[in-house]
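So the structure is just underneath, and the comments pick up after that.
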Amino acid sequence: MAVTRMFGASVKRREDARMMTGRAHYTDDVRRNHTVHMSVVRSPYAHANITNIDSSEAAQMPGVVGVFTGADLVDDVAPVPCAWLLPDCNLKVPEYRAIAVDKARFVGDPVAVVIAEDRYQAEDAADAVKVSYEPLDVVTNQEAAVKDGAPQLYDDVPNNLAFQWKLSGGNFEEANQSADIRISQRFVNQRLIPNAMETRGVLADYNPGSGSLEVWLTSQNPHIHRLLLSAVTGIPEMNIRVDSTDVGGGFGSKIPLYGGEMIACGIAKKLGKPVKWMESRRENYVTTAHGRDHIDYVDLAATSDGKITGIRVEAYANHGAYLSTAAPGVPTWLFGTMLSGPYKIPNIECTMNGVLTNTTTTDAYRGAGRPEATYLLERMMDLLAKETGLDPVEVRRRNFIQPDEFPYTVATTLQYDSGNYDAALDQALEMVGYEELRKKQEDLRSQGRYLGIGFSTYVEVCGLAPSSAAGMMGFQGGLWESATVRVHPSGKATVLTGASPHGQGEETTFAQLVSHETGIPFHDIEIVHGDTDRIPFGWGTYGSRSTAVGGSAIVYASRNIVEKAKRFAAHMLESSPEDIDFNDGVFSVKGSPERSKTIQDVALAAHLAWDLPEGEKPGLEDSYFFDPTNFTFPFGTHICVVEVDAETGTTEVQKYVAVDDLGNVINPMIVDGQVHGGIAQGLAQALYEYAAYDEGGQLLTGSMMDYCVPKFEHIPHMDVGRTVTTTPVNPMGLKGAGETGTIASTPAVVNAIIDALSPLGIKHMDMPFTPQRVWEAIQERKGS
Amino acid sequence: MKHEITVTVNGTKHTSEVDSRMLLVHYIRDVLNLTGTHVGCDTSQCGACTILFNGKAVKCCTMLAAQADGAEIMTIEGLAKNGDLHPIQEGFWEEHGLQCGFCTPGMIMASYDLLQRIPNPDEQQIRHNLEGNLCRCTGYQNIVKSVQFASKKMSGAPGDD
Amino acid sequence: MKISGSYTVNAEQQAVWDRLLDPDTLWNCLPGVQKLDKTGENEYDLAMNVGVGMIKGTYEGKVRISDLNEPHDYQMYVEGSGRPGFVKGTGKIELADQGDGTTEITYAGDVEVGGPVGSVAQRMLGSVSKRIVDQFFSCVEEQINKQGS
């Protein structure tokens, strides 16, 4: 391997150059001549029969090209597909029409679309479409929806139960019988709205001459979207190009395929004109998939000295009105398998009820299933600490899997790759100054002040995933990743990746990787992603997989290039490959370094091909498909210190320390940024965010005025540290960084607040900890 | 109804006929094709559409194009001069103040306004003055550092606009 | 959501009653009314332009007045829908002679809203509905006094 300083260097991001100067091209920035614009008429009812649609007036309005109802497009656009078909759990996938036909099932369900020459005209005409509804009874809560007598969304989904998924290892019942300590707690993991700063949108341009469709799409996984768009429109896959090079954030919400994008493509084909649709923020709130929304009943069994012997979770996940693309996998495989956390828990049982309600669909949201598991587990650890009288640090240590026990197979069948949980915990304790803090807490308590210290010692599953595991879980795809490294005659390189970064900075980190492996200067390497006409098939960016999986494909392709180049260099130097050293882009003969060729020399020779080594082909290019043998398991400790003002109920985060072990790190600056952003999102769940529905199914937090996306002053300064435990799963020894912050931070903040309020006898409250809720709880306790 | 407006954008004078109801952000993006100014919400909460309007930061998604008649506007495209990044842009680059980049143009324009008013802001002042701009990626910490970087750089370079 | 309130009109109870049930009053005094067609006894088709926060637009629907107990109280039923969403409400309007030539109108009702107006503007509905009601009653008062003088 070449030795350069690229791996591990905080190289400034190259994608910034276009983004800071307003020259990036997000979907709405793409221009096509004669584009027509789409506006969507949406149901204001959460549940209603659609009895009539009168578009006669709208059709006559200025600029209107056409008005289409669901019935008009039944033959053009197939139903929205669900691509995670859980086996063995009686999964029912109800028909999900891109435009509702006969019945609307949530507020925002599309009922008709208007196409007009400009967006203003389209909006005007959408106003004029008259829809008659017959309102039906509404159910928004998942526990209510499964009860007998609840309003039914579908005739063929009894009790609105889409699936009941079970996973178990060991025997919880036995463990519970013999336990010294049993703790039960119900947790509400509230519904969140992802709020990527760029809303969803599409520009679809169909060429009737060639029968091809070009689609600019806000997507985290353009190839998955191409495949699904081909399936729903009937346009062959090779005739569709999806381009998602610049995407303004996703956080999971741009994984699914949505109806709006499908309709725009279908109509573009029907009209032979480019069709654009950009969601307004209000539409984004009601139609782009939400996240979380669990109700979890947890039972924990432990010995009197604080060793956990078993955990059981019976849970209800709210999937909204339809099953979104990846939805069934999120509260099941991505949740249930993680219930062991960093602890040795021999007996685990999980039952997850997937429920349909008259709400917006839910799907992956940063962390996707793993934050929910970590939250309940870390809350249970604190409850166990309380019950045993142990320090929350000690109770965690007693249950940690030990460094010499890896690879370690947990009761939920996952095999953890590597870990050193105490090391991360020790570093975090030192950074936060734990002992002094406890003293300070005691002092403040004697003054009637509420300081709290909260822990989260987490492990998460990243680097999704071995494709065989994807198949076993019912995911209708593989989870390998692809790369092509193409060295040009001049020695500069183009790298094509199937990963699809949209803020994670892989145009930079991947170039660092290639430079590190090949010695080609960083600035001579271009990373191409997001455009299905340029890149090889790939599965996209989510599940902290881009670098762990996509980066691996790049490393192996680079190494194959170096191997080939070494054979060429040996030939050119009249030596044999075994006698060639490779260092920093230079091939030299062992023992006589003055006899050397650079990789650029070799690239030129390989392209000229005037004098090929025996049996070699021209060119210097390699494609690699990397399918990981296992997931990766980043871990760490987050500690949050809060003071709660009993007079106002306001929580002030005084200190936030995160020590994450992500294995090796390619670009520390970028990784810190990922950790910061992740913490902000997880902390916001604990303190601020909450999608509220009224009993009629109206989303009450339907804009940025009502839903608290955190602002500058809501997020504290974060102190970030790292330990390094490498993984054998990939050639870089790294684990993935995109989701750890979100997964770890929520319980750390909540544990801190509960710790602060513990003198009042408060053991648990549900999120978010808004000042009003906290104040009410304090008043209640003080009153009693 | 149509209005004739004359607007100077990034130093270039444009005369256009616009509908009464056309939003200024759509004028900038769709008529002038300056797509660096983004639309992130429709309630003026997110600040992705922040521009400098007669020298002050405004969110142009809730302004009409007709209101801009006679105005001097600077958008993100006008900030770098002759290919040289403005110190604020440098700050965002050096301190990793952006990830997906969608909020960045608005964030930079708001920071420009802030540094005009308070050339050497402390962390609290930065957080307070930029609270009209939302970022979902960074957790804000590196944006604070970016503005501090720019502040230092700008105070060491008198005459810099 | 529940809405309720009261308004004191400087007029006799019977005059207020008469005026409230006069379709011309609805036409003249309801802010933003664009269409008012009588479809039956105490039943009207109505189109009204209302802005709640940033959600502005026209609602088309029906108004029905029932359970008349002259000159004391009646029930009112309203439903309307449009691009901003839908509004449905029922309420009771009560009139009480204050003994000093003034009449207190008390209203209490239950309103359901949906669509954009429900998701974005619901928290502003209370103040907007109060503003509309106050504007309406003050206009009623003006009309009575104009007629009286």
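Naming: A, B, ... by sequence-line order, numbering from 1 per chain.
Among the residues in residues 277-289 of chain A, those with a non-hydrogen atom closer than 4.5 angstrom to a non-hydrogen atom of chain B are A:Ser280, A:Arg281, A:Arg282. Residues of residues 19-26 of chain B having a heavy atom under 4.5 Å from any heavy atom of chain A, listed by number: B:Arg21, B:Met22, B:Leu23, B:His26.
Not a single donor-acceptor pair under 3.5 Å links the side chain of A:Lys276 to the backbone N or O of A:Arg119.
A:Gly291 and A:Tyr365 make their closest contact through CA-CB, 3.7 Å (heavy atoms, listed as atom of the first residue, atom of the second, distance).
With salt bridges taken as basic N to acidic carboxylate O contacts below 4.0 Å, one links A:Arg13 and A:Asp16. The residues A:Glu507 and A:Arg18 are annotated as salt-bridged, a charged nitrogen and a carboxylate oxygen being separated by less than 4.0 angstrom.
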Could you go through B:His38 and A:Tyr26, starting from their C-alpha distance and side-chain angles, then the distance that decides it, and tell me whether this counts as ring-ring contact (aromatic ring centres under 6.0 Å, His included)?
CA-CA 9 Å; B:His38 297 150; A:Tyr26 301 94; 5.0 Å; yes
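Across B:Leu98, B:Thr138, B:Thr43, B:Ile88, the residue that shares the most heavy-atom pairs under 4.5 angstrom with chain A is B:Leu98.
Taking the six-membered ring for Trp and the full ring otherwise, A:Tyr656 and A:His638 have centroids separated by under 6.0 Å. Ring-centre distance between A:His676 and B:Tyr140: not below the 6.0 Å cut-off.
When heavy atoms are compared at a cutoff of 4.5 Å, B:Ile108 approaches chain A solely by way of its side chain, counted from C-beta outward. Within the 4.5 angstrom heavy-atom criterion, atoms from both the backbone and the side chain of A:Pro710 approach chain B. For A:Val675, no part lies under 4.5 angstrom from a heavy atom of chain B.
Counted by atom type alone, B:Glu94 and B:Ser146 present zero donor-acceptor pairs between their side chains at under 3.5 Å. Looking only at atom types and distance, the side chain of A:Gln504 has a donor-acceptor partner in the side chain of A:His502 under 3.5 Å away. For the 3.5 Å distance criterion, the side chains of B:Thr8 and B:Glu72 fail to qualify, holding no donor opposite an acceptor.
A cation-pi arrangement is present between A:Arg14 and A:Phe522, with the terminal nitrogen or guanidinium carbon under 6.0 Å from the aromatic centre and inside a 45° cone about the axis.
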